[in-house]
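This chain uses plain numbering: 1 for the first residue, then up along the sequence.
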Amino acid sequence: NNSEQFAGLHLLISAGGTREPLDPVRFLGNRSSGKQGLALAQVAAARGARITFVAAHVDQTVETMAGRLPNTEVVPVGTAAELNDVMRSRADTADVIVMAAAVADYRPADIAELKIKKEDAGDELTLQLVKNPDILAGLASTKRPGQTVVGFAAETATDRANLLELGRAKAKRKGADLLVLNRVGWSEGFGTDSNTVVVVNAAGDIADEATGSKRDVAEAVLDAVLAARA
Ligand code: C5P
């Protein structure tokens, strides 16, 4: 029985995809559904955690189900900057931080006040983008003692060895305690109901592996979190 494993612990979980506005009606987004983040919240809730679920853009069902979880507060956000603000302000009381959100690496340099019109822009329109802060790296660098920081890395890797190579380099760059690696492509990862992951620690060593539903992956990730905290 593991229903008390996370009793007394506060988990701060981000999920979904950020949306970076271009003008009042358009944004740059991504295909994240928020399902993996929801699965983590569901498993953590079943194991007794208190949860803050920071939802960037997620599927409607994800929002509905997150809202029904016990001991869970859902905080909606839009842009990477908003997500960063919420994560930083809630990190103080978090025992475990999981960045499952797909964060835009870049945002438009300017947000047009009025709708961008093709009559004005002509045949070619160039967008200038500026880099967003790396939220995960920031949280890892200001981590409190006893706090566990977990990130995800979706890679378009050619195979498992390539996935590990890319993931290990990223684990070192980000400084998170655990990095959950998964292969993505047009038919894998985003929006689907199952997933294959390898969890590595900050040194790049394999901490856990899982294939199955996003729920199975969530179980494995939270097992790795417990093992890392032991
Ligand atoms: O570098 P990459 O985007 O692959 O890293 C993915 C991990 O970093 C995810 O956990 C994601 O939530 C996080 N991330 C972030 N801030 C960014 C970009 C990614 O926290 N600007």
Side-chain angles (χ1 to χ4, degrees), residues 1-18 32-59 62-77 82-103 135-153 171 174-182 195 197 199-202 207-208 210 213-230:
N1 179 15
N2 55 18
S3 65
E4 296 299 315
Q5 277 178 337
F6 284 86
L9 296 184
H10 176 208
L11 267 68
L12 176 61
I13 302 173
S14 72
T18 64
S32 176
S33 61
K35 286 180 180 172
Q36 185 61 70
L38 174 67
L40 284 157
Q42 288 172 321
V43 172
R47 295 191 189 187
R50 175 167 84 81
I51 297 154
T52 304
F53 188 79
V54 186
H57 182 262
V58 296
D59 285 3
V62 167
E63 197 173 321
T64 304
M65 290 176 81
R68 289 183 189 152
L69 288 175
N71 302 317
T72 300
E73 181 191 2
V74 178
V75 183
V77 297
E82 285 167 19
L83 176 58
N84 193 29
D85 289 347
V86 171
M87 295 305 287
R88 297 205 69 87
S89 71
R90 304 294 180 117
D92 296 356
T93 61
D95 300 291
V96 180
I97 301 175
V98 184
M99 280 296 297
V103 185
I135 302 170
L136 176 62
L139 292 165
S141 71
T142 56
K143 195 168 81 102
R144 284 190 291 107
Q147 199 171 48
T148 309
V149 178
V150 184
F152 275 73
K174 302 257 183 186
D177 296 297
L178 296 170
L179 196 64
V180 185
L181 314 178
N182 73 308
N195 219 342
V197 302
V199 184
V200 295
N201 63 22
D208 208 348
S213 65
K214 290 190 172 176
R215 188 103 181 188
D216 295 332
V217 168
E219 300 272 8
V221 170
L222 294 178
D223 285 345
V225 166
L226 281 180
R229 295 177 63 81

>> Going by the rule side chain to side chain donor-acceptor pair (under 3.5 Å), which residues pair with Thr64 if we only count those two or more places apart in sequence or in a different chain?
In response: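 For Thr64 there are no side chain to side chain donor-acceptor pair (under 3.5 Å) partners, ignoring immediate neighbours.
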Interatomic spacing from [atom1] in [X] to [atom2] in [Y] - rounded to 0.5 Å:
| X | Y | atom1 | atom2 | value |
| --- | --- | --- | --- | --- |
| Glu4 | Leu9 | CD | CG | 11.0 Å |
| Arg90 | Glu73 | CZ | CD | 4.0 Å |
| Met87 | Leu136 | CE | CG | 9.0 Å |
| Leu12 | Ile51 | CG | CD1 | 10.5 Å |
| His57 | Ser33 | NE2 | OG | 10.5 Å |
| Thr18 | Leu83 | OG1 | CG | 7.5 Å |

> Are side-chain heavy atoms of Arg88 and Thr142 found at a separation under 4.5 Å?
Replying inline: yes
>> By the definition side chain to side chain donor-acceptor pair (under 3.5 Å), identify the one residue from Asn71, Thr93, Asp95, Asp92 that meets it with His10.
In response: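 The residue from Asn71, Thr93, Asp95, Asp92 that satisfies side chain to side chain donor-acceptor pair (under 3.5 Å) with His10 turns out to be Thr93.
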>> Check whether Asp216 reaches the backbone of Ser213 with its side chain - one donor and one acceptor, N or O, closer than 3.5 Å.
In response: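 Indeed, once roles are kept as given, a pair shorter than 3.5 Å links the two residues.
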>> Using modelled atom types and a 3.5 Å cut-off, is there a donor and acceptor pairing between side-chain atoms of Gln147 and backbone atoms of Ala94?
In response: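 Yes.
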> Looking at Leu178, Asn182, Val217, Val150, which one forms a side chain to side chain contact (heavy atoms under 4.5 Å, CB included) with Val199?
Replying inline: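 Single pass found, and it is Leu178.
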> Passes side-chain contact (heavy atoms from CB on, under 4.5 Å), Thr52 versus Val86? Steps please.
Replying inline: CA-CA 10 Å; Thr52 304; Val86 171; 5.8 Å; no
Please give me the minimum heavy-atom distance between [X] and [Y], naming the atom from each residue.
| X | Y | value |
| --- | --- | --- |
| Ala176 | Ala140 | N-CB, 4.0 Å |
| Ala66 | Thr72 | O-CG2, 3.9 Å |
| Ile13 | Gly37 | CG2-O, 4.0 Å |
| Ala56 | Gly17 | CB-O, 3.3 Å |
| Leu40 | Ala100 | CD1-CB, 4.2 Å |

>> I'd like to know whether Gln42 forms a side-chain contact (heavy atoms from CB on, under 4.5 Å) with Leu38, so could you lay out the CA-CA distance, the side-chain angles of the two residues, the decisive distance to 0.1 Å, and finally the verdict.
In response: CA-CA 6 Å; Gln42 288 172 321; Leu38 174 67; 3.8 Å; yes
>> Working note: Val62 + Phe53, criterion side-chain contact (heavy atoms from CB on, under 4.5 Å); need CA distance, chi angles, decisive distance, verdict.
In response: CA-CA 11 Å; Val62 167; Phe53 188 79; 4.2 Å; yes
>> Suppose the criterion is salt bridge (Lys or Arg N to Asp or Glu O under 4.0 Å): which pairs have a residue in residues 138-152, not counting sequence neighbours?
In response: Lys143-Asp177
>> Please evaluate residues Val180 and Gln36 with respect to the criterion side-chain contact (heavy atoms from CB on, under 4.5 Å), reporting the C-alpha separation (whole Å), side-chain torsions for both, the decisive distance (0.1 Å), and the verdict.
In response: CA-CA 11 Å; Val180 185; Gln36 185 61 70; over 6 Å; no
Donor-acceptor pairs are to be reported for all side-chain atoms of residues 221-228 against protein atoms at under 3.5 Å, with residues two or more places apart or in another chain.
unit_1 : atom_1 : unit_2 : atom_2 : d
Asp223 : OD1    : Arg47  : NH1    : 3.0
Asp223 : OD1    : Arg47  : NH2    : 2.9

